[in-house]
Amino acid sequence: MKTLLSVSTAGTPTSKHFRYLFKRYTVDILLISALLVGLISGAVCAGNADKLLISRLDFLFTSDFHARCDQTILYSFIASLTANFLFFVCNILCGLSLWGIVGVPFLIAFKGFGISLTGGYLYKYYHFGGIGFFLLVMLGGYVISALALICQGKYTVQFSKNLFARHKGNSLSASQSIYAYIISNSFILIALAISSMIDALCNTLFAGIFNFL
């Protein structure tokens, strides 16, 4: 934030400023771009999506809106947390690999793909009722979990880069240890749990007002 303020108060931005910002926030830009690519891809593919595909993706995105209408708040929380936990674990595993810098953007893009595909499917077959369901019931949990995974992705990519440096003969500092990596990721798990609680609450409050035949 201080960097952005310093650039904004320095007068008209120059190419030097943009290069500096890009260099400083390369990982942020990479992961946000991956999410946007996933969102766009999901919207494009939503035209060919069917109910079977949505049901198959339910384990990862809790996308089965028919099932959501009959779920209890506890079941909704468990289903959402399970889906978020799978992405969480995959993110951690990417960080423990030398190829994490490649795997994490694909993981984030897949998250965006599932979100957009679900929203696009609901709009295609149920029009404004489907969009209303997506916005009221699903979007809150989706947004928080996606942002949490992007924050986790930053830790993951950095740790993966550190492993690559160690592979080339450089030693890891204490702040780059596996212990520190797990601790930093634990805060992301708390955010994902909050996301699941919001998802379950929205599901309980609003899912019952929709009727999908």
Side-chain angles (χ1 to χ4, degrees), residues 25 27-39 41-42 54-65 67-68 71-97 99-119 122 133-160 175-207:
Y25 298 103
V27 177
D28 303 76
I29 294 171
L30 173 66
L31 298 181
I32 292 173
S33 298
L35 180 65
L36 292 176
V37 169
L39 290 171
S41 300
I54 296 298
S55 298
R56 287 178 175 175
L57 291 176
D58 181 58
F59 190 64
L60 293 174
F61 300 104
T62 58
S63 54
D64 191 339
F65 47 93
R68 275 177 171 265
Q71 289 175 355
T72 64
I73 187 169
L74 178 60
Y75 187 88
S76 297
F77 173 75
I78 293 174
S80 179
L81 186 60
T82 300
N84 287 333
F85 187 73
L86 290 174
F87 280 94
F88 173 81
V89 171
C90 288
N91 228 334
I92 288 182
L93 294 178
C94 285
L96 298 175
S97 167
W99 301 102
I101 194 171
V102 177
V104 174
F106 275 103
L107 186 67
I108 299 299
F110 184 61
K111 177 72 173 181
F113 176 83
I115 293 172
S116 186
L117 182 72
T118 303
L122 284 168
F133 185 89
F134 181 78
L135 294 177
L136 290 175
V137 179
M138 297 180 165
L139 188 62
Y142 279 160
V143 169
I144 296 175
S145 62
L147 292 177
L149 289 172
I150 287 176
C151 291
Q152 184 190 13
K154 293 171 59 179
Y155 300 134
T156 300
V157 170
Q158 184 59 51
F159 193 77
S160 179
S175 62
Q176 298 169 336
S177 66
I178 292 181
Y179 175 77
Y181 176 64
I182 298 299
I183 292 299
S184 63
N185 276 277
S186 64
F187 294 102
I188 301 299
L189 189 58
I190 295 174
L192 291 175
I194 293 173
S195 167
S196 298
M197 286 189 287
I198 292 176
D199 185 74
L201 183 61
C202 290
N203 190 82
T204 302
L205 292 176
F206 302 117

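Predicted, not measured: the structure shown is a model, and the values here were computed from it. Computed over heavy atoms, backbone and side chain alike; hydrogens, waters and symmetry mates excluded.
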Can you tell if the side chain of [X] reaches within under 4.5 Å of the side chain of [Y], non-hydrogen atoms only?
X	Y	answer
N84	S80	yes
F85	L192	no
P105	L31	yes

Can you tell me which residue among D58, T62, T204 is in a side chain to side chain donor-acceptor pair (under 3.5 Å) with R68?
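The side chain to side chain donor-acceptor pair (under 3.5 Å) with R68 is passed solely by T62 among D58, T62, T204.
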Quick one: do S97 and L93 satisfy side-chain contact (heavy atoms from CB on, under 4.5 Å)? Show the steps, please.
CA-CA 7 Å; S97 167; L93 294 178; over 6 Å; no
Can R56 and D64 be counted as an ion pair, charged N to O under 4.0 angstrom?
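So R56 does not pair with D64 through a salt bridge.
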Run F61 and F110 through ring pair (Phe, Tyr, Trp, His ring centres under 6.0 Å) and show every step you take.
CA-CA 10 Å; F61 300 104; F110 184 61; 5.3 Å; yes
Might you point out which heavy atoms bring [X] and [Y] nearest each other, and give the distance in Å?
X	Y	value
F159	G95	CD2-O, 3.2 Å
L122	F65	CD2-CD2, 3.5 Å
G140	I198	C-CG2, 4.5 Å
N185	Y181	ND2-O, 2.7 Å
K111	A146	CE-N, 4.3 Å
F88	Q152	O-NE2, 3.1 Å

Let me see the working for F113 and V37 under side-chain contact (heavy atoms from CB on, under 4.5 Å), right down to the final yes or no.
CA-CA 8 Å; F113 176 83; V37 169; over 6 Å; no
Donor-acceptor pair, distance only, cut-off 3.5 Å: does the side chain of [X] make one with the backbone of [Y]?
X	Y	result
N203	D199	no
S195	A191	no
T118	G114	yes

Give, for atom [atom1] of [X] and atom [atom2] of [Y], the distance between the pair rounded to the nearest 0.5 Å.
X	Y	atom1	atom2	result
S186	I92	OG	CD1	9.0 Å
S184	Q158	OG	CD	10.5 Å
S160	I101	OG	CD1	6.5 Å
S116	L35	OG	CG	9.5 Å
L60	L86	CG	CG	6.0 Å
L96	N91	CG	CG	10.5 Å

What is the ring orientation for F134 with Y142, classed by angle as parallel under 30°, tilted 30 to 60°, or perpendicular over 60°?
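Correct class here is tilted.
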